[in-house]
Amino acid sequence: MPSDSKTSPDFIPVNAPVVSQEAKRFVADCMESGWLSSAGPFVARFERQFASYVGTKHGVAVCNGTAALHCALAAAGVGSGDEVIVPAFTMIATVFAVLYTGARPVFVDCEADTFGIDPAQIEARLTPHTRAILPVHLFGHACDMDAVAAVASRHRLRIIEDAAEAHGGRYRGRSCGTLGDASCFSFYANKIITTGEGGMVLTDDDGLADRARRLRDLCHSPGKRFVHDAVGFNYRMTSLQAAVGCGELIHIEQYLARKQAMAARYTAGLSDVPGLRLPVTRPDVRNVFWMYTVLVDEAGFGMSKDAFRASLRERGIDTRDVFYSPSDQPALVDRLGPLGPFPVADQVARTGCYLPSGLALTDGEIDRVIETIRALRRA
């Protein structure tokens, strides 16, 4: 079932989006203009406005967040024979993007509180082939980027941030997306800013931005279209997608405030429930709570995470598993050989799930989720 649809009026989905009136109007303007593909004004406008909001010099719009990761890694020179440090707990797109370049992903376990990559374990996983570190700001909470940057600086490694889930997030006063050599965002329908599908590479590096722009559009030779001087990708964002993004971006601070309020309501209603571990926010971090993620301790709560999810589903409340460990991914084990163990990532994958977190969620629906969970614990 799509995460952005409802099966009945009483069903609470994991993530139903809000589409602004401005987004609808801009799409209509785009259709009226006839510029439906990547040409026309909206793509450049969205690139400029989103890069300005985050605080970078360049934005390179692409067709989705995975393409952004692949494009950024390739533009940074990552290729066959290289290794890239990635977190053991992340969306599989992060890992696949490394594989697309011909490089090998090298996994590092996550921190127990924020689920971000554990910087203290990175150095032990470096080899002479390591080219970059790819930290992921999971669920809207920034990684410990000072520690990641210290390792990268000592070993002259690139940092490519995966900020797909952290629109508007901040770390020690700086925006997520400005903390490395380049950063990558997703605008999938469940993200805080959506274009339906879409992504963007952000960077202050002129050369990296130029390479990313050429790579996303088949590497046409300068001044001579249809002559290609390198192997590129067909990763363009459409004008229709960018029109939605321009309309949504107008409301980003409103959306972020709503995410904060939703998280506060969940926390107030669930903080005293035994066996349920709620999200944390470290000092000096602006957590944007892309998804409100809980861990279910079977002994403390009285049922497993799978039973918890099934029970909520029976009562008209949808949830989602969190990401699985690399050692449980056949596509990775078959290609890379045995992986792990990753004690923290394995435990989070086993016990974690998302509660409904979409911007269309009402306070009444949040209260219903809270009361249903509390009733399950009392049963």
Side-chain angles (χ1 to χ4, degrees), residues 26-27 29-82 84 93 96-103 131-132 134 158-164 177-178 180-187 193 195-246 249:
F26 291 163
V27 168
D29 292 345
C30 181
M31 295 183 72
E32 184 67 23
S33 76
W35 293 107
L36 305 186
S37 65
S38 58
F42 278 108
V43 173
R45 176 177 169 183
F46 184 44
E47 289 175 332
R48 183 174 62 254
Q49 290 178 347
F50 190 74
S52 176
Y53 173 77
V54 174
T56 62
K57 185 176 179 181
H58 301 285
V60 182
V62 293
C63 55
N64 56 59
T66 311
L69 288 163
H70 183 199
C71 204
L73 287 164
V78 174
S80 180
D82 293 332
V84 178
F96 282 176
V98 175
L99 293 172
Y100 296 160
T101 68
R131 187 73 174 269
L134 211 171
R158 292 274 204 173
I159 296 176
I160 310 294
E161 290 175 77
D162 184 337
T178 65
D181 296 280
S183 61
C184 302
F185 287 81
S186 167
F187 304 116
I193 294 298
T195 60
E197 292 278 2
M200 195 176 295
V201 178
L202 299 184
T203 184
D204 287 327
D205 184 321
D206 295 347
L208 196 152
D210 180 66
R211 289 190 293 276
R213 287 192 186 99
R214 299 190 65 245
L215 283 167
R216 72 163 171 194
D217 191 20
L218 302 170
C219 286
H220 295 274
S221 295
K224 199 159 189 176
R225 192 167 178 81
F226 302 128
V227 174
H228 308 270
D229 54 12
V231 175
F233 320 125
N234 190 350
Y235 283 170
R236 297 181 300 269
M237 174 181 278
T238 69
S239 189
L240 287 167
Q241 292 171 308
V244 175
C246 289
L249 189 57

Exercise. Within a strict 4.5 Å, meaning less than it, do heavy atoms of the Leu69 and Asp162 side chains meet?
Worked result: yes
Problem set entry | Residue pairs involving residues 56-69 (criterion side-chain hydrogen bond (donor to acceptor under 3.5 Å, both in side chains); sequence neighbours excluded) | Lys57-Asp206, His58-Asp206, His58-Arg213
Exercise. How far does CG of Asn234 sit from CG of Leu215, to the nearest 0.5 angstrom?
Worked result: 12.5 Å
Seminar exercise, completed: One should read off an interatomic distance between Leu208 CG and Arg211 CZ, to the nearest 0.5 angstrom, of 5.0 Å
Problem set entry | Distance, nearest 0.5 Å, that separates OG of Ser239 from CH2 of Trp35 | 9.0 Å
For this session: Grab the two heavy atoms, one from Ala68 and one from Cys184, that are nearest each other, plus how far apart they are.
Result: O-SG, 3.4 Å
Problem set entry | Any donor-acceptor pair under 3.5 Å from Gln241 side chain to Gly196 backbone | no
For this session: Would you name the heavy atoms of Ala75 and Ala212 that are closest together and state the gap between them?
Result: CB-N, 3.8 Å
For this session: Nearest 0.5 Å please: distance from the CE atom of Met200 over to the OG atom of Ser186.
Result: 11.5 Å
Seminar exercise, completed: Exactly one of Thr195, Val62, Leu249, Val244 clears side-chain contact (heavy atoms from CB on, under 4.5 Å) with Phe187, and that residue is Thr195
Problem set entry | Residue pairs involving residues 231-245 (criterion salt bridge (Lys or Arg N to Asp or Glu O under 4.0 Å); sequence neighbours excluded) | Asp217-Arg236
For this session: Go through the structure and list residues passing ring-ring contact (aromatic ring centres under 6.0 Å, His included) with Tyr235, not counting sequence neighbours.
Result: His70, Phe233
What pairs of donor and acceptor atoms, side-chain ones from residues 40-48 against any protein atom, are under 3.5 angstrom apart with sequence neighbours left out?
{"residue": "Glu47", "atom": "OE2", "partner": "Ala61", "partner atom": "N", "Å": "2.8"}
{"residue": "Glu47", "atom": "OE2", "partner": "Arg216", "partner atom": "NH1", "Å": "2.7"}

For this session: Using modelled atom types only, decide if a donor and an acceptor are shared between the side chain of Ser33 and the backbone of Cys30 within a distance under 3.5 Å.
Result: yes
Seminar exercise, completed: Interatomic distance, OG1@Thr203 vs CD1@Ile160, rounded to 0.5 Å, equals 7.5 Å
Seminar exercise, completed: By ring-ring contact (aromatic ring centres under 6.0 Å, His included), His220 pairs with (sequence neighbours left out) Phe226, His228
Exercise. Is the backbone of Thr178 close enough, under 3.5 Å, to the side chain of Glu161 for a donor and an acceptor to pair up by distance?
Worked result: yes
Exercise. What heavy-atom pair brings Thr101 and Ala74 nearest, and what distance separates the two atoms?
Worked result: CG2-N, 4.3 Å
Problem set entry | Whether Ser183 side chain and Gly177 backbone form a donor-acceptor pair below 3.5 Å | yes
For this session: Please list all pairs passing the salt bridge (Lys or Arg N to Asp or Glu O under 4.0 Å) test where one or both residues lie in residues 62-80, with sequence neighbours left out.
Result: none
For this session: Can you label the angle between the Phe50 ring and the Tyr53 ring as parallel, tilted or perpendicular, going by 30° and 60°?
Result: tilted
For this session: Please determine if Asp82 and Arg158 form a salt bridge, counting it only when a charged side-chain N lies under 4.0 Å from a carboxylate O.
Result: no
